[in-house]
Structures are given as C-alpha cells and as structure tokens.
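Have a look at the structure below before the remarks.
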Amino acid sequence: MVRGTHDPDIRAALSEGLDAAGGVTVPTKLTREIIDQMRARTVVVRAGARTADLTTLKTSIARVTSDPVASWRLENAAVAESDMTFDSVQFVPRSLAVLIKMSRELLEDSLNVEEAVRNALSGAMAVEVDRVALFGSGTAPEPRGLFNTAGVSSVSMGTNGGQLTDYTKILDCLLELENANAGAPSAMILAPRTWRTIQGFVDTTGQPLTPPQALASLPQLVTTIVPINQTQGTAANASSIIVGDFAQLVLGVRSELRIELLREAFSTNMQIAFLAHLRMDVAVTQPKAFCILKGITP
C-alpha cells in the first residue's frame with residue numbers, strides 16, 4: 001500500500017498483518033527505518049540519553065542519593081561503618097501518537113511516498129520526544145522533563161536576564177557540575193539564537209574568541225526545541241542552555257513505536273491514514289549531573 005501495487009513483498013507483508021481495530025501494520029522494514037530515523041533526529045539521544053525497556057505499568061529504578069564515606073583506621077581497630085542512601089525513580093508510561101492522512105491517488109501516483117511517510121512520522125515523534133524529555137511539564141498526560149526536575153543545578157543570567165558576551169556563565173555551569181562531583185558533561189543543548197551569539201564572541205581586538213579548553217571539545221547540539229520566550233523577571237524573550245551528562249537522562253519505553261495503516265476509517269474520502277504511537281516516560285537518575293543556564297536574552 002505504501003509503494004503502490006508493484007512490489008509483491010510489500011503487498012504480502014500488508015496482507016498478513018490484519019489488525020483488530022481494522023488497520024494493517026506497516027511492513028517491519030519500513031517501521032525499523034522510521035524508528036532509526038527518529039532516533040537519529042532526537043537531540044537528547046545524540047547527547048547521550050539512554051533508553052530503558054519498561055516491562056510493567058509502573059517501573060522503578062534505584063538511584064544513590066549519598067555515597068558511603070571511607071575512614072582511616074589504626075591497626076587492629078574496627079572498620080567504621082558508613083551507609084549509602086537510595087531512593088527510586090518511577091516511570092509511568094504516557095501515550096504519544098500522531099495520525100497522518102493521504103489520498104489514495106497520492107499513494108498510487110507518488111514516487112517518493114515512502115520517504116515522505118518516513119520523514120513525516122519520524123519528524124513528528126522525534127520533535128515531541130525531544131521537547132518532553134527536556135521541557136515536559138509533568139502534568140498528565142505529559143511526562144516531566146529535565147528542565148522541570150527538582151535538584152537540577154542552575155546559573156542565572158540575572159534578575160531580568162542578560163546577554164552572553166563570553167564563556168564565563170557557561171563555565172559557571174561547569175563549576176556547578178564539578179562542585180556536585182558529577183561526571184564529565186557529554187553535551188550542551190541550546191537554541192539556534194544562542195548558538196549564533198556564542199559563535200559571534202570576539203575579543204577586545206575584534207578577533208573570534210577562542211573557547212577555553214573545558215568547552216572546546218564539548219558538543220553543542222542546536223535545536224529549536226529550546227524556547228526563546230521564557231520569562232526571567234521582566235524579560236519575556238529569554239532562553240536557556242542545558243549542559244550535563246546526558247547518560248543520566250533515561251527514556252523509558254513501555255511499548256515501542258508501532259505504525260498502523262488505517263484503510264477503512266477514512267474510506268468515504270478515499271484516504272489512507274498512518275497512525276504512529278508509543279508509550280514512554282522520562283526520568284533523570286542524577287539531577288546534579290545537569291546544570292541549566294537560565295535567562296539568556298538576545
């Protein structure tokens with residue numbers, strides 16, 4: 001159905017997968033390509049975020065909140081005890097879905113319909129996974145993202161925000177991570193506007209400002225998911241930079257991306273629909289592994 005009627009393998013795959021709701025599953029090969037493309041387009045995954053399979057409705061993972069403390073001892077003296085404390089991070093899977101419709105004529109006549117479907121579905125899902133992983137509100141049905149997670153460190157650009165003119169404030173974020181004994185940051189995620197500002201840093205002679213060693217090799221991942229209309233005091237056009245060890249950001253997947261072909265629901269308009277859906281949640285295993293630079297104005 002995706003490629004027209006000329007590919008017998010596609011026809012066979014579609015005819016096998018009758019769905020109880022009246023749909024037909026898209027061939028596994030195409031689904032896998034969409035999943036791979038979605039992951040490639042997801043900024044948090046490129047930054048190092050991990051994925052975990054959730055096998056129950058509610059899944060918890062343990063995290064260490066304080067480490068044991070080693071003590072010096074005299075010969076033959078007892079070893080001092082020291083406890084390490086734990087708490088848990090709970091995943092509650094939420095449903096994410098999108099539906100796109102196409103006319104039967106378009107499906108029959110287009111040479112690139114498979115690419116169009118793949119781009120549309122992977123783009124729609126990747127954008128929303130990115131947004132919710134970073135900025136999800138936590139109000140059902142939306143998972144809580146990194147920006148709204150308690151315990152994440154922050155550095156402010158000032159009461160009413162401020163402009164970046166050098167690397168000082170970004171280095172302050174790295175200092176926060178060092179003070180928290182966090183792991184080395186894997187990336188920083190920022191808005192295109194902020195990236196342009198950083199690329200335009202100049203010294204007193206007007207020459208490009210060389211980044212310090214701590215930042216020179218740190219990947220800068222640019223995405224429009226980072227808003228430029230945040231509020232900081234009287235400023236309503238602020239933005240943020242999120243820097244940290246993104247291996248501590250976990251995308252918990254309860255049911256992987258599934259794509260169904262709906263042939264009957266829109267048949268009166270001679271349309272075919274593709275329904276993509278997954279269930280997932282977001283968790284931050286170590287909030288102190290991240291720091292957010294807040295209040296960046298143009």
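Residues: numbered from 1 along the sequence shown.
Listed by chain and residue number, Lys294 satisfy the side-chain contact (heavy atoms from CB on, under 4.5 Å) test with Ser154 (two or more places apart in sequence, or in another chain). Under the salt bridge (Lys or Arg N to Asp or Glu O under 4.0 Å) criterion, Glu178 pairs with no residue at all, not counting sequence neighbours. By the salt bridge (Lys or Arg N to Asp or Glu O under 4.0 Å) test, Glu176 pairs with no residue at all, sequence neighbours left out.
Residues Gln220 and Leu190 form a side-chain contact, since some pair of their non-hydrogen atoms from C-beta on lies under 4.5 Å apart. Taking the side chain as every heavy atom from C-beta outward, Val243 and Leu174 approach each other to under 4.5 Å. By the 4.5 Å heavy-atom criterion applied to side chains, Val132 and Glu142 are counted as neighbours. Looking at heavy atoms from C-beta onward, Ser103 lies out of side-chain contact with Met270 at the 4.5 angstrom threshold. Counting heavy atoms from C-beta on, the side chains of Leu251 and Val45 come closer than 4.5 Å.
Not one N or O on the side chain of Ser267 forms a donor-acceptor pair closer than 3.5 Å with the backbone of Arg263. Between the side chain of Asn148 and the backbone N or O of Gly136, at least one donor-acceptor pair lies under 3.5 Å. With Arg50 contributing its side chain and Ala247 its backbone, the two residues share a donor-acceptor pair below 3.5 Å. Ser71 places no side-chain N or O within 3.5 Å of a backbone atom of Ala80 that could act as its donor or acceptor partner. Side chain of Asp245 to main chain of Ala289: no donor-acceptor pair is present (N/O by atom type, distance under 3.5 Å, no hydrogens or angles). In this structure a side-chain-to-backbone donor-acceptor pair under 3.5 Å is missing from Ser217 to Gln213. Side-chain atoms of Ser153 do not come within 3.5 Å of backbone N or O of Cys291 as any donor-acceptor pair. Ser156 places a side-chain N or O within 3.5 Å of a backbone atom of Gly158 that can act as its donor or acceptor partner. Judged by distance alone, the side chain of Asn269 and the main-chain N or O of Gln271 form no donor-acceptor pair under 3.5 Å. Between the side chain of Ser186 and the main chain of Ala47, a donor-acceptor pair closer than 3.5 Å is present.
Here the shortest heavy-atom pairing between Gln163 and Thr297 reads N-OG1, 3.5 Å.
For residues 203-226, no residue pair satisfies the ring pair (Phe, Tyr, Trp, His ring centres under 6.0 Å) rule, not counting sequence neighbours. For residues 126-147, the set of pairs meeting the ring pair (Phe, Tyr, Trp, His ring centres under 6.0 Å) definition, not counting sequence neighbours, comprises Phe135-Phe147. Residue pairs meeting the ring pair (Phe, Tyr, Trp, His ring centres under 6.0 Å) criterion with at least one partner in residues 161-189, sequence neighbours excluded, are Tyr167-Phe201.
If you check the side chains of Asn160 and Thr234, you find a donor sitting under 3.5 Å from an acceptor. In summary, the side chains of Gln230 and Ser240 do present a donor paired with an acceptor at a separation below 3.5 Å, with no hydrogens or angles considered.
The line from CD1 of Ile198 to CG of Leu215 is 8.5 Å long, rounded to the nearest 0.5 Å. Here the straight-line distance linking atom SG of Cys173 with atom CD1 of Ile241 works out to 7.5 Å at 0.5 Å rounding.
Screening Val282, Ile225, Leu134, Thr42 for a side chain to side chain contact (heavy atoms under 4.5 Å, CB included) involving Val129 leaves a single residue, Thr42.
The 12-atom threshold is exceeded at CD of Glu105, counting heavy atoms of other residues, nucleotides or ligands nearer than 6.0 Å.
At a threshold of 4.5 Å between side-chain heavy atoms, the hydrophobic network of Ile, Leu, Val, Met, Phe, Trp and Tyr places Ile189 and Phe290 in one connected group. No path of Ile, Leu, Val, Met, Phe, Trp and Tyr side chains, each step under 4.5 Å between heavy atoms, connects Leu177 with Ile242, placing them in separate hydrophobic clusters.
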